[in-house]
Amino acid sequence: MENSLFFAKILAGWYQISQRNLPWRGTQDPYKIWVSEIILQQTQVRQGLDYYNRFVERFPDVRSLAEADEQDVLLHWQGLGYYSRARNLHSAAKTIVQVHGGVFPKDYQAVRNLKGIGEYTAAAITSFAWNMPYPAVDGNVFRFLARLFAIDEPIDTGKGKKYFTELAGTLMDKSDARQFNQAMIEFGALQCTPTAPGCSTCPFVDHCAALAKNAVAHYPVKQNKTQTKNLYLYYFHIQAGSPPYTYLKKRTEKGIWQNLFEFPLLESEVPLDFNELCQTKQFQEWFPPTENLQFKLVIENKKHVLSHRIIYATFYTANAGAQFATPAAMFKVKANEIDQYPMHRLMSFYLRPAHTTQK
Ligand code: SF4
């Protein structure tokens, strides 16, 4: 690659022709850019679009988000997963109202200090909204640069992140940081894709070091120290009464599902069969033999992959008599009002009417 001007010119030419028409690209409102970036952190653009439109329609500005009930915010996030993103959005909106008078701070460090906003998101917001020259390096940009220059530095270490961010900064057209960052991200998303990149139509084809070494698939390099652990969740859908009702629990402990609602459950790091579940102290407290509940297996070992965990969820129905006493930490909900409570994806999966017994 001859120089950064040459690079930026090729990239800008490609972007003019290839960019997608996405609603958050047409705005310079930092609030909307922020919402879109948080939604897109762990979500495909296609799926994120609907959520983005619904979210900004319900919460059109920082103040409306800050003043909303957390339950309402989580309901608008339901299905997107990684609920800490929604909780952080809500908390940061309150900070903007309390500390910055409801006006999005026009300062990189102040943006970076908001809850849930990392280096990438702060750079995206400040460059897209105000054209500030901070390189926004997401997974797309890591991949594209790693391949173009055949960089063996792992992208998932602090040192690697610094290296790639500095490289993006040296390549940046500082007179148009907004477009440069958007074009870099778009290039990785559409052209230099994770699998089957479009090398034959790539404007950098004559300059790509990974392609020249026939080693495109080798890049980007990852150190991959993340260990995944298995977790087994056993849910109990208690069914009682006429009109029918059930029981929910609010997950209060810290974690990705904090403040979401779910059926009572037992958690284990090893798989448990029904007899083993029955012998746990918690099961015996909730469902004493005197209650005479009828249990039925409905879904077994539904797999749900998170970044550090693989969850296997099993669901039982538990038919209870009308005199069933509400166990501690649960509350009673009419069956036809259950969708008023924000829930994580596994619960939504179970509540789909078409579910069937499966492995
Ligand atoms: S030639 Fe292929 S691997 Fe290289 S930058 Fe272009 S799309 Fe990516």
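Starting from 1, each residue takes its place in the sequence as its number. Heavy atoms only: backbone and side chains are in, while hydrogens, waters and symmetry mates are out.
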K.L.:
Which word best sums up how the rings of Tyr232 and Tyr234 line up, parallel for under 30°, tilted for 30 to 60°, or perpendicular for over 60°?
P.N.:
parallel

K.L.:
A cation-pi test, strictly: NZ or CZ of Lys302 under 6.0 Å from the centre of the six-membered ring of Phe349 and no more than 45 degrees from its axis. Yes or no?
P.N.:
yes

K.L.:
Decide whether Asn88 and Ser91 meet the rule of one side-chain donor and one side-chain acceptor closer than 3.5 Å.
P.N.:
no

K.L.:
For a quick check under 3.5 Å, do Glu37 and Tyr120 share a side-chain donor-acceptor pair by atom type?
P.N.:
yes

K.L.:
Rounded to the nearest 0.5 Å, what's the gap from CG on Asn131 to OG on Ser175? Could you check?
P.N.:
8.0 Å

K.L.:
Determine, step by step, whether Arg178 and Asn181 satisfy the side chain to side chain donor-acceptor pair (under 3.5 Å) criterion, reporting the C-alpha distance in whole Å, the side-chain angles of both residues, the deciding distance to 0.1 Å, and the verdict.
P.N.:
CA-CA 6 Å; Arg178 174 184 295 124; Asn181 278 343; over 6 Å; no

K.L.:
Between Gln191 and Thr201, is the side chain to side chain donor-acceptor pair (under 3.5 Å) condition met? List the steps.
P.N.:
CA-CA 8 Å; Gln191 190 80 36; Thr201 59; 2.9 Å; yes

K.L.:
Counting only heavy atoms not in Glu57, do more than 12 fall under 6.0 Å of its CD?
P.N.:
no

K.L.:
Could you go through Glu186 and Arg25, starting from their C-alpha distance and side-chain angles, then the distance that decides it, and tell me whether this counts as salt bridge (charged side-chain N to carboxylate O under 4.0 Å, His left out)?
P.N.:
CA-CA 11 Å; Glu186 195 77 331; Arg25 290 270 169 71; 3.1 Å; yes

K.L.:
Please tell me whether Tyr247 and Phe236 form a close aromatic pair, meaning their ring centres lie under 6.0 Å apart.
P.N.:
no

K.L.:
Name the orientation class of the two ring planes belonging to Phe187 and Phe144 (parallel below 30°, tilted from 30 to 60°, perpendicular beyond 60°).
P.N.:
tilted

K.L.:
May I ask you to check whether over 12 heavy atoms, not counting those of Phe295, lie within 6.0 Å of atom CZ?
P.N.:
yes

K.L.:
Around atom NZ of Lys174, are there more than 12 heavy atoms from other residues, nucleotides or ligands closer than 6.0 Å?
P.N.:
yes

K.L.:
How many angstroms lie between OH in Tyr83 and CZ in Arg85, if you round to the nearest 0.5 Å?
P.N.:
9.5 Å

K.L.:
Take a 6.0 Å sphere around CD of Gln44 and say whether it holds more than 12 heavy atoms from other residues, nucleotides or ligands.
P.N.:
no

K.L.:
With a 4.5 Å heavy-atom cut-off, do Tyr341 and Met347 have their side chains touching?
P.N.:
no

K.L.:
For the residue pair Phe263 and His237, does the interplanar ring angle fall in the parallel (under 30°), tilted (30 to 60°) or perpendicular (over 60°) class?
P.N.:
parallel

